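Worksheet: one structure, shown below.
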Amino acid sequence: MLNISNLREQKNKIVALLKIKNFDALDLIDLVIKKDNSRKLNQQKSDDVLSKLNQIAKEIGFLYKQGDLDKANAFKKSSAELKEESKRLSAIQKETQEEIKEILLQIPNIPHESVPAGNSEIDNEIIKEVGEIPKLHENSQPHWELTELYDLIDFNLGNKITGAGFPVFKGKGAKLQRALISFFLDQNINAGYEEYLPPSVANSDSMFGTGALPDKEGQMYHVTEDDLYLIPTAEVPVTNFFRDTIIKDFPIKCTAYTPCFRREAGSYGKDVRGLNRLHQFDKVEIVQIEHPDHSYSTLDKMVKHVASILDKLELPYRILRLCGGDLSFTSSLTYDFEVYSAGQKRWLEVSSVSNFESFQANRLKLRFKNKEGKSQLCHTLNGSALALPRIFAALVENNQTTDGIKIPKVLQAYTRFDSI
RNA sequence: GGUGAGGUGGCCGAGUGGCUUAAGGCGCACGCUUGGAAAGCGUGUAAACGGGAAACUGUUUCGGGGGUUCGAAUCCCUUCCUCACCGCCA
């Protein structure tokens, strides 16, 4: 959520930048400023009335002590009238505030100046490509064949106990999964992130805080009995640790493994085959809370960190700067990582690293004291380091040989086997 | 799930309708004192939304929401959370 004082001060700049996201914000911004003006006026009126009421109440207390009941009763009458007025004003105030919030929730985050224009993923800017595309043997296969051949994942068993999109990992498949989680966490810890293991369900306040609500209501599993949501990413619980807090030292660096749950309503076809798109998957997330002056250099460091993990796994990958049309509602700048999946001959997204600037912090009331001693919103950043399923898919596809699947060296200490 | 006790500032904690502008303490900051430190003394010490060039100033906030009252941290309703014991249980 953007804040109104910025919208006032930099209206033209913000309108221009939001065009990169293909969003015409002018009318909404004009409307919200107009509503905010009337909110201010109304607040003044309301405060005046309350101030008078407070004075009268004190006066009556004094008169009672003096025993001057007649005078006190006269005051009571005028108090009753003011109270009506106050009720009326605060009802208007409440309504106006809700209208303002509703409008603000419709305005996406402002894209960074470096975000390229564009409508869809075709327009994303490839900024780096690393590693060689592997040449596989003649009978190479996609991972959904390999996982069946080597008995690593049982998709049918998942269908039976839950439904499509809930795979059952088994044997060396389960071990490889567990190895990747440990490996990713260790890499993040070595880079200075503190490990957390948060709950996998969160309340609506938390969902609202990071923007999953109201934006993605239909994409989440909702436990209606207790009004809790299954988390779509660890970003939700971890970032919400810092909801309503005032930060003393920057940066705050957290990493967390969690399962992630997404309904993915409307997805179908070969894009969702095998591990490509799941309802439940594992992910290790990194989150940082930063001072606004340093958030972009921190974003660069996070990108380098994720790249270093992929280097160690010896997977070919490319880094994309998302164009305005592909950028999420809440993000200012996002870099996507895609690994090449040789069995499917396509690039698969495995990480998304973003700077949200103060967009999340505004809803979270996540602040720090600046040099002038005033509270100011922090910047929040996060990224996947990394999402498991497509890494798993690329590893088994790219490392398949006629003799089996080779495990990259860095993982062998975790799997305790060097091939499948 | 049952019963009981609670939720007050950064922290501890007093406060059963107006003397609270939330006592007192701890912590923190600044100053005095000192050769230096400690102790001691003094001063200050939240957030949000407004007004004002500023000094300053209005309102709200004692877990959340609602109510009673001229007036609520205090009374009532409701909800969430914490703790203790019991029950169930990985």
Side-chain angles (χ1 to χ4, degrees), chain A residues 1-9 32-104 161 197-209 213 222-229 237 240-250 252 259 289 358 360-378:
Chain A
M1 191 163 68
L2 298 174
N3 74 49
I4 297 182
S5 53
N6 284 350
L7 292 177
R8 276 178 197 281
E9 286 159 21
V32 86
I33 290 174
K34 200 175 135 201
K35 294 259 180 205
D36 196 49
N37 288 338
S38 73
R39 180 191 64 82
K40 283 185 184 180
L41 274 175
N42 196 61
Q43 163 116 29
Q44 245 173 296
K45 282 188 205 161
S46 172
D47 282 359
D48 283 348
V49 172
L50 285 170
S51 179
K52 275 182 200 153
L53 278 168
N54 286 340
Q55 274 175 24
I56 288 172
K58 270 183 197 162
E59 193 66 30
I60 290 173
F62 185 72
L63 290 171
Y64 267 119
K65 246 176 256 169
Q66 306 251 311
D68 195 345
L69 292 182
D70 288 346
K71 237 181 180 179
N73 286 330
F75 268 117
K76 276 194 191 181
K77 264 192 187 169
S78 61
S79 175
E81 283 164 26
L82 283 170
K83 222 176 159 184
E84 282 303 310
E85 176 72 358
S86 165
K87 267 189 185 165
R88 196 180 63 83
L89 288 171
S90 67
I92 294 172
Q93 190 72 339
K94 201 175 169 186
E95 198 179 317
T96 310
Q97 271 167 344
E98 267 161 31
E99 284 168 359
I100 288 171
K101 197 170 174 185
E102 207 171 293
I103 297 166
L104 285 177
I161 60 159
L197 188 55
S200 301
V201 290
N203 57 31
S204 54
D205 284 348
S206 300
M207 287 300 165
F208 185 80
L213 285 178
H222 186 193
V223 184
T224 51
E225 181 88 12
D226 299 298
D227 194 22
L228 296 172
Y229 294 83
N240 273 284
F241 292 164
F242 307 100
R243 172 153 44 95
D244 255 322
T245 56
I246 291 178
I247 301 298
K248 296 224 170 85
D249 295 304
F250 291 112
I252 291 174
I289 316 287
S358 59
Q360 289 183 327
N362 192 25
R363 282 200 218 180
L364 290 162
K365 296 202 183 93
L366 166 51
R367 292 158 299 184
F368 68 99
K369 294 279 185 194
N370 64 18
K371 279 177 195 159
E372 290 81 43
K374 291 197 171 168
S375 34
Q376 191 182 331
L377 294 171
C378 304

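Lettering follows sequence order; numbering is per chain, from 1. Just so it is clear, the model here is predicted, and its values are computed rather than measured.
Residues passing the side-chain contact (heavy atoms from CB on, under 4.5 Å) test with A/Lys76, sequence neighbours excluded: A/Ile60, A/Tyr64, A/Asn73. Partners of A/Thr224 under the side-chain hydrogen bond (donor to acceptor under 3.5 Å, both in side chains) rule, at least two apart in sequence or in another chain, do not exist in this structure. Under the rule for a side-chain hydrogen bond (donor to acceptor under 3.5 Å, both in side chains), A/Gln44 has no partner lying at least two apart in sequence or in another chain. For A/Glu95, there are no salt bridge (Lys or Arg N to Asp or Glu O under 4.0 Å) partners two or more places apart in sequence or in a different chain. In this structure A/Phe208 satisfies the ring pair (Phe, Tyr, Trp, His ring centres under 6.0 Å) test with no other residue, sequence neighbours excluded.
The interatomic distance linking A/Lys77 (NZ) with B/rG71 (P) rounds to 17 Å, in whole Å. Taking atom NZ of A/Lys101 as the reference point, atom P of B/rC49 lies 14 Å away to the nearest angstrom. Nucleotide B/rU69 holds its P atom 16 Å from the CG atom of A/Leu82, rounded to whole Å. Whole-Å rounding puts the A/Asn37 CG to B/rC49 C1' distance at 15 Å. Between A/Lys87 atom NZ and B/rC70 atom P the separation is 11 Å, expressed in whole Å. A/Lys45 has its NZ atom 17 Å from the C1' atom of B/rC49, to the nearest Å. Regarding A/Asn42, its CG atom lies at a distance of 12 Å from the P atom of B/rG50, rounded to whole Å. Rounded to an integer number of Å, the gap from A/Ile247 CD1 to B/rG10 C1' is 14 Å.
Of all nucleotides present, none satisfies the Watson-Crick or G-U wobble test against B/rA54 with each distance under 3.5 Å. Pairing for B/rU43 goes to B/rA29, judged as Watson-Crick or G-U wobble with the two contacts each under 3.5 Å. Pair assignment for B/rU16: none, as no Watson-Crick or G-U wobble contacts are both less than 3.5 Å. B/rU68 is unpaired under the criterion used here, namely a Watson-Crick or G-U wobble arrangement in which both key atom distances are under 3.5 Å. Nucleotide B/rG7 is matched to B/rC80 when pairs are restricted to Watson-Crick or G-U wobble geometry with both distances under 3.5 angstrom. B/rA38 is unpaired under the criterion used here, namely a Watson-Crick or G-U wobble arrangement in which both key atom distances are under 3.5 Å. With a 3.5 Å ceiling on both atom-pair distances, B/rC88 lacks any Watson-Crick or G-U wobble partner.
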Determine all donor-acceptor pairs shorter than 3.5 Å in which one atom belongs to a side chain in residues 198-206 of chain A; sequence neighbours excluded.
unit_1: A/Asn203; atom_1: OD1; unit_2: A/Asp205; atom_2: N; d: 3.4
unit_1: A/Asn203; atom_1: OD1; unit_2: A/Ser206; atom_2: N; d: 3.0
unit_1: A/Asn203; atom_1: OD1; unit_2: A/Ser206; atom_2: OG; d: 3.0
unit_1: A/Ser206; atom_1: OG; unit_2: A/Arg243; atom_2: NH2; d: 3.0

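On the P atoms, B/rU45 is 13 Å away from B/rG24, given to the nearest whole Å. Spacing of C1' atoms, B/rA14 relative to B/rC86, comes out at 33 Å, to the nearest Å. Taking atom P in both B/rG67 and B/rA73, the straight-line distance is 15 Å, to the nearest Å. Nucleotides B/rG2 and B/rG9 place their P atoms 29 Å apart, quoted to the nearest Å. As rounded to the nearest Å, B/rC62 and B/rG10 have P atoms that lie 13 Å from one another.
Candidate nucleotides B/rC70, B/rA48, B/rG50 were compared by shortest atom distance to the side chain of A/Arg367, and B/rA48 ranks first. Among B/rG18, B/rU69, B/rG50, the nucleotide with an atom closest to any side-chain atom of A/Ala57 is B/rG18.
Here the closest non-hydrogen pair linking A/Ile289 and A/Cys378 is CG2-CB, 3.8 Å.
Of the two residues contacting RNA chain B, namely A/Asp36 and A/Glu59, the nearest-nucleotide position lying further toward the 5' end is that of A/Glu59.
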message: How would you summarise protein contacts on nucleotides 56-62 of chain B per nucleotide, using B for base, S for sugar-phosphate only and - for none, with heavy-atom distances below 4.0 Å?
response: --BSS--

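The salt bridge (Lys or Arg N to Asp or Glu O under 4.0 Å) analysis of residues 45-62 of chain A, with sequence neighbours excluded, yields no pairs. Within the structure, every pair that satisfies the salt bridge (Lys or Arg N to Asp or Glu O under 4.0 Å) test and touches residues 32-44 of chain A, not counting sequence neighbours, is listed here: A/Arg8-A/Asp36, A/Lys35-A/Glu99, A/Asp36-A/Arg39. Here side-chain hydrogen bond (donor to acceptor under 3.5 Å, both in side chains) pairs that include residues 77-87 of chain A, with residues two or more places apart or in two chains, are A/Glu85-A/Arg88.
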- prompt: Is there a side chain to side chain contact (heavy atoms under 4.5 Å, CB included) between A/Leu2 and A/Asn362 once you walk through the steps?
  reply: CA-CA 7 Å; A/Leu2 298 174; A/Asn362 192 25; 5.7 Å; no

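Of the residues in residues 88-99 of chain A, none lies under 4.0 Å from RNA chain B by heavy-atom distance.
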What are the atom names and distances for every N/O pair under 3.5 Å that joins the protein to nucleotides 80-83 of chain B?
none

